[in-house]
2 protein chains.
Amino acid sequence: MTEEINTGRTVGPRATMKDVAALAGVSLKTVSRVVNNESTVNAELATRVRSAAAQLHYQPNISASALRRLDGRSSTIAVLLEDLSNPFSATIYRSVEEVAIGRGVVVIGGSFDEDPERELTLTAAMARHRVDGFIIAPASRDHGYLAREQRAGTPFVFVDRPPVNMEADCVLSDSRDGVTRATRHLLRSGHRRIGFLGDLTTIYTAEERVAGFRDAMREAGLPIDPHLVHLDLRTAPAAEQVVGRLLDSANPPTAIFAGQNLVLMGALRAIRSRHLQDRIAVVGFDDLIMADLLEPAITVVAQNPERIAHEAATLLFRRIDGDTSPTRQIVVTSELVIRGSGEIPASVRD
Amino acid sequence: MTEEINTGRTVGPRATMKDVAALAGVSLKTVSRVVNNESTVNAELATRVRSAAAQLHYQPNISASALRRLDGRSSTIAVLLEDLSNPFSATIYRSVEEVAIGRGVVVIGGSFDEDPERELTLTAAMARHRVDGFIIAPASRDHGYLAREQRAGTPFVFVDRPPVNMEADCVLSDSRDGVTRATRHLLRSGHRRIGFLGDLTTIYTAEERVAGFRDAMREAGLPIDPHLVHLDLRTAPAAEQVVGRLLDSANPPTAIFAGQNLVLMGALRAIRSRHLQDRIAVVGFDDLIMADLLEPAITVVAQNPERIAHEAATLLFRRIDGDTSPTRQIVVTSELVIRGSGEIPASVRD
DNA sequence: GTTAGGTGAGATATCGTTGTCTTTCAAGAA
DNA sequence: TTCTTGAAAGACAACGATATCTCACCTAAC
């Protein structure tokens, strides 16, 4: 028995279509037809091929297939976000995975960490892998460099941040309006001195959030005390320090709006350590697990990452399927979730 | 000008090595040598090739390269975990990404949701994509089916749960010992009636955690009241209901150990709603963001997902690089983080 | 009976790249 | 001068698939 046919019991190389063809006694092309469920194969032959494939534990090589096929599809998409370990990005990734798996597509993830250079590195890596499409929350402020990849036929859907110098689909939260509504909510409780804490001003959404705050103040005809607006805050300790100084100042705010989760945590620590949690109103942006278990429970502007991801994935796959209609911008509404911390009236302190 | 050379300005197909070769006036193979930084190319030629590649925005096709090269490396690994949207899985993914990016390798993620069928689906998909290695927290309890892929040369590193019917590297938390230490801690505060809430008993770590609890009780010579042990709890509402019943019973526990995050949240809600948060001791498994902001702050057994991921990724890449030494099991220690809720003495209630 | 038409299956080229072999050419030794 | 040696660059095959073309073969119509 010097037979060369791989029976699947041997260690080593994987079975190829050639091996399956040899075992089934048919041509390579017939195996290809069976694997791709083409209807022009005799039923008995197809069964023979399938059983040979099963016996050899044949797994088609998707890369080889993509290389040769006309559409060049790799059954892979890239999901590139701020940081896959933060709940917002993680939820988006997971929700995209859910749509992708239904189409037999796998998802390559990447984190930009707000670093435009890392964005270049990662998008280039994805291009080398010939992903079928991108879902991207960019760190950079100019995305013209992606247009070439787009012209080569790879669709892009931007999430959380719109494309700049590029035409592409886009799914956003209504951050600006969400913050405006939250600020109005504070104003209705009588607050006039509201501290605003924002993330890096290079981030689109961070800018939108301040803008929403300014909108509401302007609308109410109130001046903004520049001492109460602190931007470019990224970490909890930084926010804790800033809020501590605000609270200890001669004319402290009666309410705080925290434009981001870590910043919210810092703010809460500063407030707690001064035992002011029942006197200073607090509203955060982005929901938190356990926000309801704090005392008072935290009022937040909650985004809807599942919905954002679902819209983005649906759009992307539609483009992959050949939709060439004009690009779309979808806005997913955010919701003010009232829990207590945002409803503390201004008068308590006065 | 009927020149066929792609200048990069045209819409359409991507530049290939052939295009670069034509523009640089060299052979295909020379371009390959330059792209792969082989030293046998004349410096001037190499420069010409590089500038042609840049002009055409040439991106090598990694799949084609993997297809042809002897080692078949796709520069892709799979990270398959319980649920990429939960903080533990998300942190592991992100930490693996960090190691991978340093090697120019991209990471495909997947979530099993404790569903063994989904595990089969996803591992097969990864095999079709010819990933270079797997980091996996399996949902199934028998991993023999992966041995074939392993024999074909793809290394596996198990995280959080050990391989069964398969020899592979493995990185675990010391869950059992961690829970034993936490239980001893409660016992030292005088607790004798401790409620234990566990996750699905099909999950390896869930079993380990109950076992750790039993170890500590046995060691202390205390009987375990079966009414106080509740397993197969997955959601916060389920846990809330169970803990509510426990607290309302004739002989309630003086302390609760919550074996998982969502279960901890349910327990806390039940306790809060009865205003017992300063009378019932609570210890959770897995750290939570904001655990320090609750009142009392939550004492937990904290795992170290970054460390687990780093060890796993390092091991995996060592295997990918050809290490054939015996498989290893690495145990990453967990830490009891004392914050207040776990230090409430039993006597307060008596 | 002959031929047109349709259908199923094989032969062959090819996708973009790397491995191997061959060729070219310059420099140094006999 | 001639030959050897070595390095650099090109020619060509092949990785595992699919696209396209061709070829049998069968049926139906004249």
Side-chain angles (χ1 to χ4, degrees), chain A residues 6 12-50 52-53 56-76 127-130 132 152-153, chain B residues 6 12-50 52-53 56-76 127-130 132 152-153:
Chain A
N6 182 345
R14 258 176 263 263
T16 68
M17 275 196 176
K18 211 166 132 190
D19 300 319
V20 177
L23 183 60
V26 299
S27 78
L28 187 56
K29 181 67 220 199
T30 299
V31 178
S32 169
R33 283 193 256 256
V34 172
V35 167
N36 291 289
N37 289 312
E38 287 176 34
S39 55
T40 62
V41 181
N42 178 286
E44 193 234 330
L45 261 198
T47 309
R48 222 162 76 210
V49 168
R50 267 186 259 275
L56 298 175
H57 296 96
Y58 171 69
Q59 291 282 14
N61 182 329
I62 292 190
S63 312
S65 162
L67 180 60
R68 189 58 177 87
R69 65 189 327 144
L70 257 22
D71 61 16
R73 288 290 141 72
S74 63
S75 296
T76 300
R128 287 194 292 271
H129 281 273
R130 301 291 192 268
D132 298 336
Chain B
N6 182 344
R14 255 176 267 264
T16 68
M17 276 195 176
K18 210 165 132 190
D19 301 318
V20 177
L23 183 60
V26 299
S27 79
L28 187 56
K29 182 68 217 197
T30 298
V31 178
S32 169
R33 283 194 256 257
V34 172
V35 167
N36 291 287
N37 289 311
E38 287 176 33
S39 55
T40 61
V41 181
N42 178 287
E44 191 234 330
L45 261 199
T47 308
R48 224 162 74 211
V49 168
R50 267 187 258 275
L56 298 175
H57 295 95
Y58 171 69
Q59 291 283 14
N61 182 328
I62 291 191
S63 309
S65 163
L67 180 61
R68 188 59 177 87
R69 64 190 329 143
L70 255 21
D71 61 17
R73 287 291 141 71
S74 62
S75 296
T76 299
R128 288 193 292 271
H129 281 274
R130 301 292 192 268
D132 298 336

Asks: Hey, does the side-chain of R69(A) have a donor or acceptor N/O within less than 3.5 Å of a partner on the base of dT18(D)?
Replies: no
Asks: Would you indicate which nucleotide in dA9(D), dA9(C), dG16(C) comes nearest to any side-chain atom of L67(B)?
Replies: dG16(C)
Asks: Is the phosphate of dG10(D) approached by S27(B) (side-chain N or O, under 4.0 Å from OP1 or OP2)?
Replies: yes
Asks: Under 4.5 Å between any side-chain heavy atoms of S75(A) and H129(B), yes or no?
Replies: yes
Asks: Are side-chain heavy atoms of L67(B) and N61(A) found at a separation under 4.5 Å?
Replies: yes
Asks: What integer distance in Å separates R68(B):CZ from dT17(C):C1'?
Replies: 8 Å
Asks: With a non-hydrogen cut-off below 4.0 angstrom, is V35(B) in contact with a base, only sugar-phosphate, or nothing?
Replies: nothing
Asks: Please give the angle, rounded to 10 degrees, between the axes at the start and the end of the helix from dG1(C)-dC30(D) to dA30(C)-dT1(D), where five pairs define each axis.
Replies: 60°
Asks: For dA17(D) and S32(A) - does any side-chain N or O of the residue sit under 4.0 Å from the phosphate oxygens OP1/OP2?
Replies: no
Asks: For a quick check of understanding: with a heavy-atom distance under 4.0 Å over all strands, which category does I62(A) fall into, base, sugar-phosphate or nothing?
Replies: nothing
Asks: Do you know which two heavy atoms are closest between L56(A) and L23(A), and how far apart they sit?
Replies: CG-CD2, 3.8 Å
Asks: Just the rounded figure in Å: distance from P of dA13(C) to CG of L70(A).
Replies: 18 Å
Asks: For a quick test of reading the model: is some side-chain N or O of T30(B) closer than 4.0 Å to OP1 or OP2 of dA9(D)?
Replies: no
Asks: Given the structure, check if the side chain of K29(B) and the base of dG19(C) hold any donor-acceptor pair shorter than 3.5 Å.
Replies: yes
Asks: Measure from the side-chain N and O atoms of N42(A) to the backbone N and O of E44(A), and report whether any donor-acceptor pair falls under 3.5 Å.
Replies: yes
Asks: Can any side-chain N or O of D71(B) pair as donor or acceptor with the backbone N or O of R73(B) at less than 3.5 Å?
Replies: yes
Asks: Given dG19(C), dT17(C), dA9(C), which nucleotide is nearest the side-chain atoms of P60(B)?
Replies: dT17(C)
Asks: Nearest-Å distance, CG (L28(A)) to C1' (dG16(D))?
Replies: 8 Å
Asks: R73(B) has an atom CZ; how far is it from atom C1' of dT18(C), in whole Å?
Replies: 15 Å
Asks: Using only modelled atom types and a 3.5 angstrom limit, is any donor from either the side chain of R33(B) or the base of dG10(D) paired with an acceptor on the other?
Replies: yes
Asks: Expressed as a whole number of angstroms, how long is the span from K18(B):NZ to dA11(D):C1'?
Replies: 14 Å
Asks: Rounded to the nearest Å, what distance is computed from the CZ atom of residue R128(B) to the C1' atom of nucleotide dG16(D)?
Replies: 16 Å
Asks: Does the R48(A) side chain pair with the main chain of A24(A), one donor and one acceptor, at a distance under 3.5 Å?
Replies: yes
Asks: Say whether, by atom type as modelled, one donor and one acceptor occur between the side chain of T47(A) and the main chain of A43(A) under 3.5 angstrom.
Replies: yes
Asks: Quick one: closest heavy-atom pair of R130(A) and P60(B), and the distance?
Replies: NH1-O, 3.6 Å
Asks: Could you state the CD-P distance from E38(A) to dA9(C), rounded to the nearest angstrom?
Replies: 12 Å
Asks: Ignoring the backbone of M17(A), work out which of dT17(C), dT18(D), dG8(C) is nearest its side chain.
Replies: dT18(D)
Asks: At less than 4.0 Å, is any side-chain N or O atom of N61(B) found next to OP1 or OP2 of dC15(C)? Yes or no.
Replies: no
Asks: Taking the side chain of T16(A) as heavy atoms from C-beta outward, which of dG16(D), dT20(D), dA8(D) is closest to it?
Replies: dG16(D)
Asks: Looking at dT18(D), dT20(C), dA17(D), which one has an atom nearest to any side-chain atom of A64(A)?
Replies: dA17(D)
Asks: Using whole Å, report how far CG of N36(B) lies from P of dT20(C).
Replies: 14 Å
